[in-house]
Number of protein chains: 2
Amino acid sequence: MVVAQRHTRQRAEILELLDDVDEFRSAQQLHELLRARGSGVGLATVYRAVQSLSENGDVDVLRTPDGESVYRRCAQRSHHHHLVCRSCGRTVEIDAGQAEAWAAQVASAHGFDDVEHTIELLGTCAACRAAGQG
Amino acid sequence: MVVAQRHTRQRAEILELLDDVDEFRSAQQLHELLRARGSGVGLATVYRAVQSLSENGDVDVLRTPDGESVYRRCAQRSHHHHLVCRSCGRTVEIDAGQAEAWAAQVASAHGFDDVEHTIELLGTCAACRAAGQG
DNA sequence: GCTAGCATTGGGAACGACTCTCAGGAAGAC
DNA sequence: GTCTTCCTGAGAGTCGTTCCCAATGCTAGC
C-alpha cells in the first residue's frame, strides 16, 4: 500500500524555503533559516522532510567534503549533475550525457553491470574569480 | 620547514595491512583487522595514519554513501578513478581522461575555473552477478 | 462542526564517525 | 647513552544524524 504523505504546515514551510534558496543547504542550515523566519520547526522534522523529499526525487542531495549532506530543489527532476562554485555556492545543473556514456562503456569493458555513478564538479565561478582578483 | 615523518612500528603495520587488502576499508575496519592480527594499534593512530597517508597521496580515499571514509592503497599514484563492486568490493582503477576532458569543457563553458571533480562508479562485477543468478 | 484514528512533530537522548587531549613512550640526532 | 621531539593510545569530546515517545494536529466520516 502507498504511504499517505500528510500535508502539514512544517513540510510546506520547508518546501517553500527550498524554493527560495538557490544553493545547496544542509539540514541544519535549513533549520536555522526556518527559525530565523519565525518558524518553530524542529531539527528532526527538517531531517525527516529532506529525507523523504530526496527519496521522492523532489530535492537533490550532495555530500560536502566534510561529510555533511546538503539539499537543493533543482529545476530538472530528471537525472543530472552539478557544477558548484566553491566560493559562493552558485550551482549550475548540467546534463551529463557524455560522461554517462563513458561510465557505461568503462563499466561494461570491465564486466560490471547496474552501474551507478557519482559525478560532481566543484570550481570557482567567473564572478568570484573577478572579485578575488579585483 | 618540512615536517619529519617518523618511522614507527604502528605506521609500518598499517601500511603493511593496506598492502595486503585490495578493497577500500574504513579506518575502523583497518583497526579491527590490526587487532585481529594481534597488533595493539589504537584507533586514533589508525585515523592519523590514513589521514597523513592520504595527504601524501599514498592512499586513496572514498566516501561511502553513509558518510564513512574508506581507504585503499592503489597501484597508480597518479590521478585516477574507481569502479567498485557494490557486492564484493572488488576495485578497478580506471583512467578517466575522457571524463576529465568533458568536465573541463563543461566548466569553462559556464565560466568556471580551477575545477575539481568527483567521479566514482559503483556496479556489480561479473563474478557477483553470476553468483547472484546461480 | 465534532470526533476518532493515526501519521507527524519536537525535544532530548542516543549513536556513530571522527578528532582532541595529554601523559607516557619511542625514534632519531648527537 | 642522552636528549629532544614527535608519536601513541585511551578516553572524553564534537558534530551530524537518527531514534524514542508523548503530545499535536491532519483527515475522513458523521
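Chain A is the first sequence line, chain B the second, and so forth, proteins listed ahead of strands; every chain is numbered from 1.
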Worked check of side chain to side chain contact (heavy atoms under 4.5 Å, CB included) between A:H79 and A:H117: CA-CA 11 Å; A:H79 180 66; A:H117 54 265; 3.0 Å; yes

Heavy-atom protein contacts under 4.0 Å, nucleotides 15-28 of chain D, coded B base, S sugar-phosphate only, - none: -SBBBB----BBS-

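Of the options B:D20, B:D22, B:D60, a salt bridge (charged side-chain N to carboxylate O under 4.0 Å, His left out) to B:R72 is made by B:D22 and by none of the others.
Ring geometry, A:F24 versus A:H82: the interplanar angle exceeds 60°, so the pair is classed perpendicular (tilted spans 30 to 60°).
Here C:dT8 presents its C1' atom at 15 Å from CG of A:L15, a figure rounded to the nearest Å. One can place CD of B:Q29 at 15 Å from P of C:dG16, the figure rounded to the nearest angstrom. Across the protein-nucleic acid pair, B:E32 atom CD and C:dC18 atom P stand 13 Å apart, rounded to whole Å.
Under 4.0 Å is where a charged nitrogen must lie from a carboxylate oxygen, and between A:R11 and A:E13 no such pair does.
Two different hydrophobic clusters hold B:L17 and B:Y47 under the rule that ILVMFWY side chains link at heavy-atom gaps under 4.5 Å.
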